[in-house]
Amino acid sequence: MAFLVFNALVRLGLLAFNGQWSLALPWRLLPILGIGALFDLGVAAFFLPPLGWLLLVWPARRARGLRWTMLALLLPLCVLMVFVGVAEFTFWNEFASRFNFIAVDYLVYTSEVLGNIRESYNLPLLLGGVGVVALAIWALLARRLARQQGWAADGMSWRRRGAVALLLAAAPVLSYVALDERYKEFSADAQANELAGNGYYDFWYAFWHNEIDYDRFYSTLPTRDAAAELALELGSPAAAHPFDREVVHAGPEKRLNVVLVSVESLSASFLGVFGNQEGLTPNLDRLARDGLLFTRLYATGTRTVRGLEALALSVPPTPGHSIVKRPDNANLYTVGEVFKSKGYEPLYIYGGYGYFDNMNAFFGGNGYTVVDRTALKSDEIHFENIWGVTDEDLFSLALRELDQRAAAGKPFFAHVMTTSNHRPFTYPDGRIDIPSKTGREGGVKYTDWAIGDFIERARKKPWFDDTVFVIVADHTHNGRGRQELPPDNYHIPMLIYAPKHVAAGRVDSIASQIDVAPTLLGLLNFSYHSRFFGQDILREGQQHQRALLANYQTVGYYQDGRVVELKPGGRSRVVDADTGRELPDDALSQQLREEAIAYYQVAASAYKSGELRLAAASR
């Protein structure tokens, strides 16, 4: 009962923390608490078998010893209960979700994650609070249990005691069979569904389901129909392999250097050019005015590895882990490979340790020269936190590497990944007017300062005039939303800055992060053999405006003001992009659903079968 009550209080606390007070209305709150109690009870069942075993073997004549043993066992359980409750609040603060596959991933990178927590929160105060609350709950339970009589089932036969123990041992089996992740998807409000969940259950569910087979769990079309539908989408003449096609541009190629900066957690809403009045991004706003600004670009996911996948591979965000973290992800067809075929050296430059999120293995295994935190000497670092060196030091590292390539007379394509706009939001003093470690706004403004400083330092280099700078976010900062896939929460900026080669302007077409690579290659007038699912925003993207969005299990497709949501169990629905209201299954919804399925089905099959590999491209 204590476990059920405590988890109900956590649920109410998360609701208050979320601030969506419409969920507190009785007809909305009762299903949240009721379904949540069902999950809580199912989890509590897993604590029963040890109790049953203890009561079975403990001699009836030693009831006093049993009482003290039970009280001793209760203390760590109380600590666990409170610790998990606090952990759920910190996780919700970052991801607006119960524990999911991200929490599972964090077990792999304990150094970075624990370091981030240590630098972001007052751990002594936090853990001290956990201890105090756990002791208080334990004291209440101890008083209650001290009054209990018949601790060792006095007078109960071994047969009856064995039957009770067997029943308690069967409880988790029954829970495992009876509970289903889909129970909590009772409404169209994603936050209500998350609140109805249970952190313990969701964590283990994600642990056992971190790879999801699209063909097995999602809506599909006949294979030929899916390929034909995607061929129409991509304008491909080869219906059997619709993403395998030749891209041909008339005229000479522009052999310019390219620096692609993917910025950590940079939502479009932070920029003044998108209406922000806080003055957080003066440098990016200036570059946006002087360069080519893409105003309606959408990230494919909510994590860095999703952004890296989209930018490097130009593939839809298929269910489960990003390809960056999957096995057998070497020798794939990447944008770096296209540049390599043109005589460029592709580089991946990162300010942290590249083993995190498998970045070194992925980029190194796909032909990039990887340069990470280990390339810097201690006297080259002005500031660092658990995620890596500060952005200004990252850009100093990038300039050093680019100078070396330019001196060797070799064109370069450099993908630079920033880290400073990430909790704990720490950076050197004196750079901006917001003190370090005071919140997201400081992280954004410092990153903007570092980017502006980088461009000004690069402007003094002999290779600057012949270099294209692309600045794009890896994902947004905010995952909260009443919908599963609210487009506004995936809205990211992208600008292309090359004063000598790219005219200033705005592109207002709806586009996806998977379109960045084809657009960049088109801007350079490159002809190449493509295995990308994205399109050139400046050409075919003008006629076919769509975006692909995902949050691990739910994958989606945004077009014509509607979002198609594809879910496990073959479920799908089409909702209004602004309100989340489910729309009737009319002709447009049916067409969009088929387009969405084609993208995801073909992409998942292509990765699984090895068709995204370089060897397949040469056939």
Side-chain angles (χ1 to χ4, degrees), residues 229-230 232-236 242-243 247 260 262-263 266-268 292-319 322-324 333-335 470-476 483-496 507-523 530-552 554-566 577 592-593 595-604 606-607 612:
E229 182 67 48
L230 187 60
L232 289 175
E233 291 294 300
L234 300 179
S236 173
F243 56 90
V247 175
L260 170 64
S262 50
V263 184
L266 186 67
S267 300
L292 185 61
L293 176 66
F294 294 76
T295 63
R296 302 193 70 186
L297 186 75
Y298 295 86
T300 56
T302 58
R303 293 202 68 202
T304 296
V305 284
R306 274 298 184 201
L308 296 178
E309 171 192 75
L311 294 170
L313 298 172
S314 184
V315 295
T318 49
S322 161
I323 291 174
V324 174
Y333 189 84
T334 67
V335 64
V470 182
I471 300 173
V472 63
D474 61 345
H475 56 83
T476 65
Q483 303 164 234
E484 283 271 6
L485 302 170
D488 283 351
N489 287 7
Y490 290 77
H491 186 202
I492 58 174
M494 182 173 77
L495 62 93
I496 296 177
V507 179
D508 297 321
S509 306
I510 294 175
S512 172
Q513 207 171 20
I514 72 171
D515 301 328
V516 173
T519 303
L520 175 58
L521 296 171
L523 199 67
S530 175
R531 298 184 67 76
F532 297 145
F533 286 73
Q535 59 190 9
D536 185 340
I537 304 170
L538 300 175
R539 292 178 172 85
E540 59 265 51
Q542 299 291 307
Q543 288 73 45
H544 184 210
Q545 301 185 34
R546 53 87 189 98
L548 295 102
L549 321 167
N551 66 3
Y552 179 62
T554 301
V555 295
Y557 188 74
Y558 172 37
Q559 183 177 319
D560 296 330
R562 304 186 183 198
V563 176
V564 180
E565 298 175 354
L566 304 176
L592 295 180
R593 183 182 287 107
E595 291 179 15
I597 292 171
Y599 269 101
Y600 290 106
Q601 181 178 336
V602 174
Y607 177 74
L612 297 183

Trace of the side chain to side chain contact (heavy atoms under 4.5 Å, CB included) decision for Phe532 with Asp515 | CA-CA 9 Å; Phe532 297 145; Asp515 301 328; over 6 Å; no
Restricting to non-hydrogen atoms, name the atom on [X] and the atom on [Y] that form the minimum distance, rounded to 0.1 Å.
| X | Y | value |
| --- | --- | --- |
| Tyr298 | Leu549 | CB-CD2, 3.9 Å |
| Ala603 | Pro316 | CB-CD, 3.7 Å |
| Pro487 | Tyr558 | CB-CE2, 3.8 Å |

Can you tell me how far the [atom1] atom of [X] sits from the [atom2] atom of [Y], to the nearest 0.5 Å?
| X | Y | atom1 | atom2 | result |
| --- | --- | --- | --- | --- |
| Gln535 | Arg546 | CD | CZ | 4.0 Å |
| Asp536 | Gln542 | CG | CD | 9.0 Å |
| Ile510 | His544 | CD1 | NE2 | 10.5 Å |
| Thr334 | Ile323 | OG1 | CD1 | 12.0 Å |
| Ser509 | Ile537 | OG | CD1 | 7.5 Å |
| Gln559 | Gln545 | CD | CD | 9.0 Å |

So do [Y] and [X] actually touch side chain to side chain, heavy atoms under 4.5 Å?
| X | Y | result |
| --- | --- | --- |
| Leu485 | Asn551 | yes |
| Val470 | Phe294 | no |
| Ile492 | His475 | no |
| Phe243 | Val602 | yes |
| Leu230 | Phe533 | yes |

Could you walk me through whether Leu234 and Tyr599 pass the side chain to side chain contact (heavy atoms under 4.5 Å, CB included) check?
-> CA-CA 10 Å; Leu234 300 179; Tyr599 269 101; 4.0 Å; yes
Can you check whether [Y]'s main-chain N or O pairs, donor with acceptor, with [X]'s side chain at less than 3.5 Å?
| X | Y | answer |
| --- | --- | --- |
| His491 | Thr295 | yes |
| Tyr490 | Ala550 | yes |
| Thr554 | Glu565 | no |
| Ser530 | Val247 | no |

Criterion side chain to side chain contact (heavy atoms under 4.5 Å, CB included) on Leu308 and Asp474, from CA distance to verdict = CA-CA 7 Å; Leu308 296 178; Asp474 61 345; 5.8 Å; no
What do the steps show when you test Gln601 against Glu229 for side chain to side chain contact (heavy atoms under 4.5 Å, CB included), and what is the final call?
-> CA-CA 11 Å; Gln601 181 178 336; Glu229 182 67 48; over 6 Å; no
